[in-house]
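In what follows, every chain begins at residue 1, and chains take the letters A, B, ... in the order their sequences are listed.
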Amino acid sequence: MGFLDNSGDIILDAVLTDTGRLRLAKGDGSFKIDKFALGDDEIDYGLYDKNHASGSAYYDLTILQTPVLEAFTNNMSSMKQRLLTVNNNDLLYLPVIKLFTQSGLGSELNANGSFVVPVDKTTVETGFGDFLGGGILNGYRPGNDPARIELQQGLDTNEKPKEEPLEDQLVESQYIVQIDNRLGSIFPAADNAGAGATADGAQLAAASYAYLDDDGIANYYFVAGDAGRGYVGNLRSEEASSILGPRGTKISFRIGASLELRNSQFLFDQMGALGSATITNSATSGNDLVPGTNSYKFIDSTVRISGVSTGFSVDIPLRFVKLGS
Amino acid sequence: MATSFKTINSKDVVSTRNMLHEAIPITGAIISGTYGTFPDENNIKNFSHGMFQTVYDYPYLSSSANHIFDLAVGYANASELSSSANTQNAKKINMYNELAQVLVGFDESSNIRRFDEDGDLTGGTKINEAYFINFTRLLMKDEIKKGSFTLSLGVNQNYAGAMDSTLSITDKSGSTGFKVNSPAGEYGILYATGSATSPSGGVDGLGYAPAGLLYYQAGIAVITASVFGTILGTPVETTLNLVPMNGTLTGSSISGACDVFRHRINNIQFNNTTELNSTVYFCRANHNDFNYSSNPTYLSASKMVVKNNSTDSPVSYTTTVGLYSADNELLAVAKLSEPLKKDPSTEFTLRVRLDY
């Protein structure tokens, strides 16, 4: 008689993240574990060999040998990808979140491969000549220019028609946007320039973040159908889109520079660098930021957009720029 | 609705409490002799206030040095040794009183109680002169394990061959016979035994003589000065001038008396205790849970790379468990040692333990 397999019950020692320690130290009851998720950050599913000649026992041989790192205590560095529960085992496709990059429609990256955010009036007007082209987000007056960041969700495959509805349980209805609050904040976007401003030209207010973690990362929640600002909406089949197949929702927003970036060089000196490459402005010729002519400093960062229910996340590169040497 | 989180119910959480013990051996060579010439070793720190002496496990100017314990001596105002002619008489009384008021407390008239030989504060023999060993939190952690303490003292009469005859001081009754009438927690009676003990020094039939008190949670050993005197057949000499050991209590400074006491410590051994409170979260992955992944490598053009057909079973590989707050903030992380396969034919429960 053999021994029973007791491998189904595994004891793991957990470490508190820096945010966990912060909440514990507050002593205000905010440290309360309410849910769990499983992650697979180290796994490269490209190593899954579903056509291995020796049979199915060999499909995941390489994956199961993947070395696993010790836990990171930085809350932003762990659990970047989560496992999903979907009540259908017969799915062959899963939705992705993808940057809408179609040229001329407002959400493409700048030629330097990131979204450029001029942080103050001088950089916008003197550096870029007041009219900002694709991939340049007006960090001084976020509602004044058409550029925005738009991400779309759906099945990015041409094996299914875009008119086919996306299965209900795969439609993302809630997004988390994470951005370094020292650098910028999230503002509403709309399809047209000026739609981020009221009739009298005043700017719409920035979104309110849900919480700020111990590293100064602001976490924003945007839900489909949220009142007023239209951050999240349905992605219709007739819309221009980067998603090739069935579509779910989209999220769009702009980024405003923080007061500190607008009024001080401190953070640029501390974590930035002096620009050495030209930043082109596709809106008007001759209004590029050219090192030597328009010396500028920049800080590279990212904004992370994650689907709450589907767990998919995308990091969008940002470059905050400010004239001055 | 697809989801990547699973709620932890109250039935999935349990709190446990464990006591961890470590053996702490302190050899006499570290205390005296290894790091310089006695009594001026580099791991011994004396202070201008002269109230106590600090012992490190390495020369204390090094950042690698750990503070392991402090030594002090003192006597009660009522002690026969107390005299204004003594060196540092007031400081020795102050040191005794400070420790007595913390460890023994006050009587009904708010007078400081003296250390009692058998722990019965209503009467009996008092410990009026004592050596104090204050162990640091680094060594004793939450408390000294009851019944584990041994202090070996060299009590040969001759100073140069101090360790030729030793006295073993233990809390032999600590695990079952500890006292709880101290304001500083539990304490046990220390007993001395050894061939040098004198039948006339209060030694019981088994060869044990009361030799002090050990405060487990406070981490302080109070050693009666009689371990060098009345409980021995031949009282101990101090230095080459052959004065009795207890003569240092009156004629030497506190640090000087600590030096000669330190010279006679042969070995200290005890187990410390760490009280570990844990919360265990039972993270249950049922057959239909967590079979897909949001890992970008999971898809190629939105198609799962682990499936050829839609009827194939989905599969995922877990390496990490994240514990989240209600607002989805990651509060704790646990890692598996190797990827764990999950598909609709498997279920598992991961017990994630968070220690406090």
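- Of the atoms belonging to B:S337, it is backbone heavy atoms, and not side-chain ones, that fall under 4.5 Å from chain A.
- Considering only heavy atoms from C-beta on, A:N89 comes within 4.5 Å of B:N288 through its side chain.
- For chain B, the nearby part of A:F72 is the backbone; its heavy atoms alone come within less than 4.5 Å.
- Note: A:D90 leads A:D90, A:V314, A:V96, A:N75 in heavy-atom pairs under 4.5 Å with chain B.
- In this structure, chain A has heavy atoms under 4.5 Å from both the backbone and the side chain of B:L323.
- In the displayed structure, B:Y58 atom OH is contacted under 6.0 Å by at most 12 heavy atoms of other residues, nucleotides or ligands.
- Proximity to chain B among residues 47-57 of chain A is limited to A:Y48, A:K50, A:N51, judged by heavy-atom separations below 4.5 angstrom.
- Legend: residues meeting salt bridge (Lys or Arg N to Asp or Glu O under 4.0 Å) with A:E167, ordered by chain and number and at least two apart, are absent.
- Of all heavy-atom pairs spanning B:P339 and A:I63, the tightest one is CG-O, 3.4 Å.
- Remark: aromatic rings of B:F290 and A:F36 are close, center separation under 6.0 Å.
- Between A:L16 and B:L354, the closest side-chain pair of non-hydrogen atoms falls below 4.5 Å.
- Heavy atoms closer than 4.5 Å to chain A are found nowhere in B:D343, neither backbone nor side chain.
- At a 4.5 Å heavy-atom cutoff, the contact between A:F312 and chain B is made by backbone and side-chain atoms alike.
- For B:K179, there are no salt bridge (Lys or Arg N to Asp or Glu O under 4.0 Å) partners two or more places apart in sequence or in a different chain.
- Ion pair A:K32/B:E329 not flagged as a salt bridge, since none of the NZ, NE, NH1 or NH2 atoms sits closer than 4.0 Å to an Asp/Glu carboxylate oxygen.
- B:S294 places a side-chain N or O within 3.5 Å of a backbone atom of A:G311 that can act as its donor or acceptor partner.
- At a cut-off of 3.5 Å, with distance as the only test, no side-chain donor of A:K80 or B:N295 sits close to an acceptor on the other residue.
- In this structure, A:Y45 and B:Y317 have tilted ring planes: the angle between them lies in the 30° to 60° band.
- Ion pairing of A:E159 with B:K303 is present here, as a side-chain N (NZ or NE/NH1/NH2) and a carboxylate O approach within less than 4.0 Å.
- If you tally non-hydrogen atom pairs under 4.5 Å between each of A:L64, A:D13, A:V171, A:D168 and chain B, the highest count goes to A:D13.
- Contacts between A:P95 and chain B at a heavy-atom distance below 4.5 Å involve the backbone alone (N, CA, C, O).
- Contact of A:S173 with chain B is made through the side chain alone, with heavy-atom distances under 4.5 Å.
- Side chain to side chain, A:D40 and B:S293 meet the donor-acceptor criterion of an N or O pair below 3.5 Å.
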Show, in sequence, the C-alpha distance, side-chain angles and deciding distance for A:V308 and B:N328, and conclude whether the side-chain contact (heavy atoms from CB on, under 4.5 Å) test is met. CA-CA 9 Å; A:V308 172; B:N328 298 335; 4.1 Å; yes
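- Put simply, the side chain of B:T3 never gets that close to the backbone of A:S309: no donor and acceptor are under 3.5 Å apart.
- Within the 4.5 angstrom heavy-atom criterion, no atom of B:N286 approaches chain A.
- Ion pairing of B:D327 with A:R23 is present here, as a side-chain N (NZ or NE/NH1/NH2) and a carboxylate O approach within less than 4.0 Å.
- Across all their heavy atoms, B:M304 and A:L91 have their closest contact at CE-O, 3.0 Å.
- Within the 4.5 angstrom heavy-atom criterion, atoms from both the backbone and the side chain of A:A71 approach chain B.
- Of all the listed residues (A:D44, A:L38, A:T157), the one sharing the greatest number of non-hydrogen pairs under 4.5 Å with chain B is A:L38.
- Residues A:D34 and B:Y324 have side chains not in contact (no heavy-atom distance under 4.5 Å, counting atoms from C-beta outward).
- Between B:S4 and A:A37, the closest heavy-atom pair is O-CB, 3.2 Å.
- Counting heavy atoms of neighbouring residues, nucleotides and ligands inside a 6.0 Å radius, atom OH of A:Y58 does not exceed 12 of them.
- Using a 4.5 Å cut-off between heavy atoms, A:L244 does not touch chain B at all.
- For B:K307, the salt bridge (Lys or Arg N to Asp or Glu O under 4.0 Å) criterion is met by no residue, not counting sequence neighbours.
- Donor-acceptor pairing under 3.5 Å is recorded for the side chains of B:T319 and A:E42.
- For a residue to count as touching a neighbouring chain, one of its non-hydrogen atoms must lie under 4.5 Å from one of that chain's; by this rule A:D41 touches chain B with the backbone only.
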